[in-house]
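Since the structure comes first, as structure tokens, the remarks are kept for the end.
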Amino acid sequence: MLDLSHLTDSLNPQQREAVTAPAGNLLVLAGAGSGKTKVLTHRFAWLMEVEKISPQAILAVTFTNKAANEMRERLNKLLHLNPRSWWVGTFHGLAHRWLRTHWQEANLPQAFQIIDSDDQLRIIKKILKEILKLDDKVWIPNQIQGYISRAKDQGVRPPYMDSFDEYSRTMKMIYEHYQNYCDQNGLVDFGELLLRVYEVWHYYPNILTHYQKRFPHILVDEFQDTNNIQYAWLQQLIGETGCAFVVGDDDQSIYGWRGAKVGNVRRFQKDFKTVQLVRLEQNYRSSATILAAANALIEKNNSRMGKKLWTEGDSGEPLRLFNAMDEKEEARFIGERIQQWISQNKKHKDCAILYRSNAQSRILEETLIQMRLPYRIYGGLRFFERQEIKDALAYLRLLVNKDDDTSFERAIAVPPRGIGDVTMEKLREHARQNQTSLWQAADILSQEKKLFFQNLKSQLNQSLSLLDELEKPEQVSQELNPRAANLLRQFLDMILQLRKTTEKMPLHQLVSAVLLQTGLLKFYQEKKGEKEQMRAENLQELISAAKGFEIDSTEGLTPLIAFLSNAALESGERQSDPNQDAVQLMTLHSAKGLEFPVVFLCGLEEGLFPHVMSSQTVEDLEEERRLCYVGITRAMKHLYLSYAESRSMRGSTNFTRPSRFLEDIPKSLIEDIRLKTPSPIKSTAFAPSPHRWTNKPRFNDEEKPRQFYHSSERSEDNKHQQNQQIINKQAWVDPKASFKINQKVQHEKFGIGIVLANEGKGEAERVYVDFGKHGKKWLVLSYAKLQLA
DNA sequence: ATGATGATATTTTTT
DNA sequence: ATATCATCAT
């Protein structure tokens, strides 16, 4: 008898039911913190050890690289085998792997390149401007991008697009041009990766059958996030014979706005035979109180499959609700609570501040700086999305494919080499007329010019008729001036030269050679700004990345092509350095899948959360509520909710009402925290004592339903706070006299600077300060917290 | 080719 | 308020 205790001992009954289920289709509804990844990895092991399935015959699909890596790691730990060559990956990663194998059937050049959404947008803009000559104020590139991506997610090619009115006809036409452009340049966007594989399988049933046989078992993570093409793709692969083990949580579906279909979870039960359903409802993360709040909230949604989280743990502390005067006070409150946490010898990184939109992060950031709390913000640019890195990648892509126009344009522009708009316009025109790539056009035009001048000498005495011929109007318009032609030639020769010399080099040497010989690295190094120095460092980092890059089993690819594909598919980790002890700031969306001992869920205000832009339909609101549910279920022990009564955003201050989600949480689970003594006059003041805010029992809801928000006590407070604001305004009138020209000042972000000028009066008064390496800035005194230095 | 000025937008984000 | 982007002037 096989000893399976290592696979099943640590599982609860439901987890065990899922893991040990007989081969067949299975849907696991895995609540937040219920051990989803554990079930997936144990199932994998179970299939191997009990069903005797080869790991090569199991396909495990995730959405993010992070999830795929985590799965690999856990499998490695569990099985002590190296899962490197296993079929564990993201939808896009796997699609890429297949397209590299079946590039011929997919009608792609062997060296096809993957473009990211940034490249995609550039191409759309280019087409609008150069080919279709459409006004990008009317035909907004971002919207077109969404339109095309959505079409691809639906598996729709241009011929099948609607064309019943002006709008849809134009969209269809743009889509067509875009696709032609990609095809001609050997480019594949993210949506295309999936669609192509779908089509290959559709048109080559023998290939599909091959993979159906090859992968009798398919595991899918985060199933609630699948869009239509992904679903169709799984459907193909599973076919009549495959077994699907899908894990998801309809309550955590928060990507509907980018095409994810929660309905796929339910649809799965209909479309596939004999789907066994297992619910994982035991939660190992949060206190019972937090779970009660989460359950109560999500119950308000109608379209659910139903699930109720529970825990064996204790009820823990109540949720804490803080009603702040404004966003500044909210931020200060959060900061102080974190300080309290730290004073108990706990870690900064235990604390996460979650918000609906990125705009909220600024004030939090400023406050944390003031309070000297280390923090880290998730989001923002990732490594391979940085401008300088994309510049470098353009050169690398050009080495792979000279006819890649997008890369050609990018590479020729940085560093500046005297080839400007005029020359480029001529190149584009020539390329358009002759249906060639920019490279070919450049080659011909620079060559022609060279020959022209060589011949000129010998031809001086020859007949005028020959010259006349050379001066045909079309040609004249495209002729480059000698200087431009020469520079262009130099550029082409440089690329050709690089191509030759780097042919046999190892990857990192190749990258290094490109950075050096194109002058890209030098260009940034020679600039003075801090930004540019950073860019130069990033370029160096690119060399290290190339050094560390190992080609996995993507057989038959040159290291360079593999590297470039990887760069597009995995644009760099946004993960924090686990050794760095910092408060974690992120949007609710990026918090999915994470957990923290202390969570601050802030900005719980109508219009902000739920956001105005997604409050129109019931579906929108339900997704917002799920987002809130995701936020609450991130918390392990302490959950703080907060909202402000007024919030300044986009330059104006608005009064706000508390979020409707607060009403969905039973009052008995919440403890109110209010202001006891007035807040300090100046926000630059030292951190107030932690005793300023005290806990106070909340009103019974029977007694005063909703009164909490508008109680007379509140308005008293408000009056008090209004006085405060007036005092606040006076506070800066006093020191302002000292902000004279040449005065040394200190800014919390930019450091020490010198006042160069000042203007305006009252609230509008501003000073012009030279912060040295941070540059010269105009600062409004009533906003910037300037101090004398 | 570079900097200044003015218009514009500003939910959420992975691949 | 602010950041980004396009257009324009130098």
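For A:M613, taking side-chain heavy atoms from C-beta onward, the closest of the listed nucleotides B:dT11, B:dT15, B:dA1 is B:dT11. Distances were taken from every side-chain heavy atom of A:R382 (C-beta onward) to each of B:dT13, C:dA6, B:dT14; the shortest belongs to B:dT14. With distances taken from any side-chain atom of A:W257 to the nucleotides B:dT11, B:dT13, B:dT15, the minimum falls on B:dT13.
Residue A:N65 places at least one side-chain N or O closer than 4.0 Å to OP1 or OP2 of B:dT15. For A:R258 and B:dT11, the shortest distance from a side-chain N or O to OP1 or OP2 is not below 4.0 Å. Checking the phosphate oxygens (OP1, OP2) of B:dT13, a side-chain nitrogen or oxygen of A:T587 falls inside 4.0 Å. Considering only side-chain N and O atoms, A:R356 lies nowhere under 4.0 angstrom from the phosphate OP1 or OP2 of B:dT10. OP1 or OP2 of C:dA3 lies within a sub-4.0 Å distance of a side-chain N or O belonging to A:R362.
When each of A:N358 and A:F63 is assigned the nucleotide of DNA chain B with its nearest heavy atom, A:N358 is the one assigned upstream, toward the 5' end. Between A:K137 and A:F523, it is A:F523 whose nearest contact on DNA chain B lies nearer the 5' terminus.
Counting non-hydrogen atoms under 4.0 angstrom, A:G191 reaches nothing in the nucleic acid. Residue A:S117 is in base contact, counting any heavy-atom pair closer than 4.0 Å across all strands shown.
Between A:D225 and A:K592, at least one side-chain nitrogen of the basic residue sits less than 4.0 Å from a carboxylate oxygen of the acidic one, meeting the salt-bridge criterion.
Between A:R625 atom CZ and B:dT11 atom P the separation is 22 Å, expressed in whole Å. A straight line from NZ of A:K527 to C1' of B:dG3 spans 11 Å, rounded to a whole angstrom. Rounded to an integer number of Å, the gap from A:N227 CG to B:dT13 C1' is 14 Å. The interatomic distance linking A:L128 (CG) with C:dA6 (C1') rounds to 15 Å, in whole Å. Atom P of nucleotide B:dT10 and atom CG of A:N654 are separated by 18 Å, given to the nearest angstrom. For A:R647 and C:dA1, the CZ to C1' distance is 15 Å, given to the nearest whole Å. Between the CG atom of A:L608 and the P atom of B:dT12 there is a distance of 10 Å, given to the nearest Å. Taking atom CD1 of A:I254 as the reference point, atom P of B:dT12 lies 13 Å away to the nearest angstrom.
Judged purely by distance below 3.5 Å, without hydrogens or angles, the side chains of A:T406 and A:R397 never pair a donor atom with an acceptor atom. Donor-acceptor pairing under 3.5 Å is recorded for the side chains of A:E622 and A:S303. A:E330 and A:Y643 form no side-chain donor-acceptor contact under 3.5 Å, judged by distance and modelled atom types alone. Side-chain N/O atoms of A:Q224 and A:E222 include a donor and acceptor closer than 3.5 Å.
Comparing the C1' positions of C:dA3 and B:dT14 gives an interatomic distance of 24 Å, to the nearest angstrom. Annotation: C:dT2 and B:dT13 have their C1' atoms spaced 22 Å apart (nearest Å).
On a pure distance criterion of 3.5 Å, no polar donor-acceptor pair joins the side chain of A:S614 and the base of B:dT12.
Here A:Y255 does not count as stacked on B:dT12, because the ring centres are not under 5.5 angstrom apart with planes under 30°. Remark: ring of A:H92 not stacked against base of B:dT15; the cut-offs of centroid gap under 5.5 Å and plane tilt under 30° are not jointly satisfied.
A perpendicular orientation is assigned to the rings of A:W257 and A:H589, their planes being inclined by more than 60° (bins at 30° and 60°).
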